[in-house]
Amino acid sequence: GNWKMNGRQANNEALLSALKPAVAGFDTIDVAVCPPFPYLSQTASQLADSNITFGAQNLSAQQDGAYTGEVSSGMLVDLKVRWVLVGHSERRSLYGETDEIVAAKTQVALDAGLIPCIGETLEERKTGDTEVVLARQLDAVLPVIERHPASAFVLAYEPVWAIGTGLTATPEQAQAVHAFLRDRLASSGYAAAPSVRILYGGSVKAANAPELFSQPDVDGGLVGGASLVANEFVGIAKAAVDSLGA
Ligand code: 13P
């Protein structure tokens, strides 16, 4: 669950309190929440006795130093953060993160033992350059990730037109793109390509999750809006257990 810039202490606490017992038995999948930086500490203590793990939404490509407003990998490690979102489309489009920055952040995360969830963005399906954009974004991080086992990172495919719009890629569209990404990993010589987890993001809901997760190359979801609603997020996690947890 990517909470983005939403929530305050009180609702975060209520949300986590509702999620903890509801997903307590979901041991065959990874359930994670990514709160805003100021709430990581609160999340860490609230989830200390839970199977829910947590991540950050961003990290600096630098270590310590004169980088006002940035948060380093070492700080995230201090807070027992497990995952970190890198290259989300909102970081790319609103904060100018280039493929080079995404690759640098991926490297820093891997070096720190954090598991980067690397966003691949499809800007325009209509123009027909889907594969060109995705290939460019994937190729930028390939030299960084290919030296690591498949368990060290996660890929996320999020078509921009599906993020926060209520429009979801059809299961067939998601499957086609995920297969493309996996094939490209394999053809570039990454032997563990079949084990790489590729998440779909973009208006995932409890209602559409079962169909999406039943696609062979869809290995889970990166959920925005629905991760702020306990019942929805639990429903999505349940769909993951049913389709993927076997
Ligand atoms: P929505 O689920 O709100 O469409 O957001 C998707 C997303 O960007 C998750 O990172």
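In this chain, numbering begins with 1 at the start of the sequence shown.
- Applying the salt bridge (Lys or Arg N to Asp or Glu O under 4.0 Å) test to pairs two or more places apart or on separate chains, those with a residue in residues 21-44 are Asp30-Arg82, Asp30-Arg197.
- Hydrophobic clustering of Ile, Leu, Val, Met, Phe, Trp and Tyr side chains at less than 4.5 Å, counting indirect connections, keeps Ile115 apart from Val71.
- Closest non-hydrogen pair, Ser50 versus Ile52, comes out as OG-N, 2.9 Å.
- A single hydrophobic cluster is not seen to contain both Val154 and Ile29; linkage of ILVMFWY side chains at heavy-atom distances under 4.5 Å, directly or through other members, places them apart.
- Contact between Asn11 and Gly7 at its shortest, heavy atoms only, is ND2-CA, 3.8 Å.
- Qualifying salt bridge (charged side-chain N to carboxylate O under 4.0 Å, His left out) partners for Asp49, counting only residues two or more places apart in sequence or in other chains: Lys20.
- Put simply, the side chain of Asn2 never gets that close to the backbone of Gln57: no donor and acceptor are under 3.5 Å apart.
- Taking the side-chain contact (heavy atoms from CB on, under 4.5 Å) definition, one finds that Ser195 meets it with Ala150, sequence neighbours left out.
- Heavy atoms only, all atoms of each residue included: Cys117 and Leu199 are closest at SG-CD1, 4.2 Å.
- Applying the ring-ring contact (aromatic ring centres under 6.0 Å, His included) rule to His178 yields the partners Tyr157; only residues at least two apart in sequence or on another chain are considered.
- For the pair Thr121/Val133, no side-chain contact is recorded, criterion being any heavy-atom separation below 4.5 Å from C-beta on.
- Among residues two or more places apart in sequence or in another chain, the salt bridge (charged side-chain N to carboxylate O under 4.0 Å, His left out) test is passed with Lys4 by Glu90.
- The two residues Trp3 and Pro36 come nearest to each other via the heavy atoms CE3-CD, 4.1 Å.
- For Gln215, the side-chain contact (heavy atoms from CB on, under 4.5 Å) partners at least two apart in sequence or on another chain are Pro171, Gln175, Val218.
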(message) Could you walk me through whether Leu40 and Met75 satisfy the side-chain contact (heavy atoms from CB on, under 4.5 Å) test, starting with their C-alpha distance in whole Å, then the side-chain angles of each, then the deciding distance to 0.1 Å, before giving a yes or no?
(response) CA-CA 11 Å; Leu40 283 172; Met75 296 171 187; over 6 Å; no
Determine all donor-acceptor pairs shorter than 3.5 Å in which one atom belongs to a side chain in residues 226-240; sequence neighbours excluded.
{"unit_1": "Ser227", "atom_1": "OG", "unit_2": "Val223", "atom_2": "O", "d": "3.3"}
{"unit_1": "Ser227", "atom_1": "OG", "unit_2": "Gly224", "atom_2": "O", "d": "2.7"}
{"unit_1": "Glu232", "atom_1": "OE1", "unit_2": "Ala206", "atom_2": "N", "d": "2.9"}
{"unit_1": "Lys238", "atom_1": "NZ", "unit_2": "Asp242", "atom_2": "OD1", "d": "3.2"}
{"unit_1": "Lys238", "atom_1": "NZ", "unit_2": "Asp242", "atom_2": "OD2", "d": "3.1"}

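- Cluster membership check: Val33 shares its hydrophobic cluster with Leu76, using side-chain heavy-atom separations under 4.5 Å among Ile, Leu, Val, Met, Phe, Trp and Tyr.
- Residue Val81 is not grouped with residue Leu222 when hydrophobic side chains (ILVMFWY) are merged at heavy-atom distances under 4.5 angstrom, including chains of intermediate members.
- The backbone N or O of Ile198 lies less than 3.5 Å from no partner atom in the side chain of Arg182, so there is not a single donor-acceptor pair.
- A pairwise comparison of heavy atoms in Glu146 and Pro143 identifies OE2-CA, 3.8 Å as the closest pair.
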Donor-acceptor pairs are to be reported for all side-chain atoms of residues 101-110 against protein atoms at under 3.5 Å, with residues two or more places apart or in another chain.
{"unit_1": "Lys105", "atom_1": "NZ", "unit_2": "Asn58", "atom_2": "OD1", "d": "2.8"}
{"unit_1": "Lys105", "atom_1": "NZ", "unit_2": "Leu59", "atom_2": "O", "d": "3.1"}
{"unit_1": "Lys105", "atom_1": "NZ", "unit_2": "Glu97", "atom_2": "OE2", "d": "2.7"}
{"unit_1": "Thr106", "atom_1": "OG1", "unit_2": "Val102", "atom_2": "O", "d": "2.7"}
{"unit_1": "Gln107", "atom_1": "OE1", "unit_2": "Arg147", "atom_2": "NH2", "d": "3.2"}
{"unit_1": "Gln107", "atom_1": "NE2", "unit_2": "Asp111", "atom_2": "OD1", "d": "3.0"}

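- Residue Ser89 holds its OG atom at 12.5 Å from CH2 of Trp161, rounded to the nearest 0.5 Å.
- No continuous path of hydrophobic side-chain contacts links Tyr67 to Leu79 [ILVMFWY only; heavy atoms under 4.5 Å].
- Taking the side-chain contact (heavy atoms from CB on, under 4.5 Å) definition, one finds that Thr168 meets it with Tyr200, Ser203, Asn208, Leu212, sequence neighbours left out.
- Of the inter-residue distances, the one linking Leu16 atom CG with Leu47 atom CG reads 5.0 Å to the nearest 0.5 angstrom.
- Residues passing the side-chain contact (heavy atoms from CB on, under 4.5 Å) test with Glu120, sequence neighbours excluded: Ile118, Leu134, Gln137, Leu138, Val141, Leu155, Leu181.
- Considering only heavy atoms from C-beta on, Ile145 stays 4.5 Å or farther from Val196 through its side chain.
- Within the structure, salt bridge (Lys or Arg N to Asp or Glu O under 4.0 Å) pairs that include any residue of residues 199-214 do not occur (at least two apart or interchain).
- Annotation for Ala169 and Ala162: closest pair N-CB, 4.4 Å, computed over non-hydrogen atoms.
- To the nearest 0.5 angstrom, Asn12 atom CG is 6.0 Å from Tyr39 atom OH.
- Under the salt bridge (Lys or Arg N to Asp or Glu O under 4.0 Å) criterion, the residue pairs touching residues 184-193 are Asp139-Arg184, with sequence neighbours excluded.
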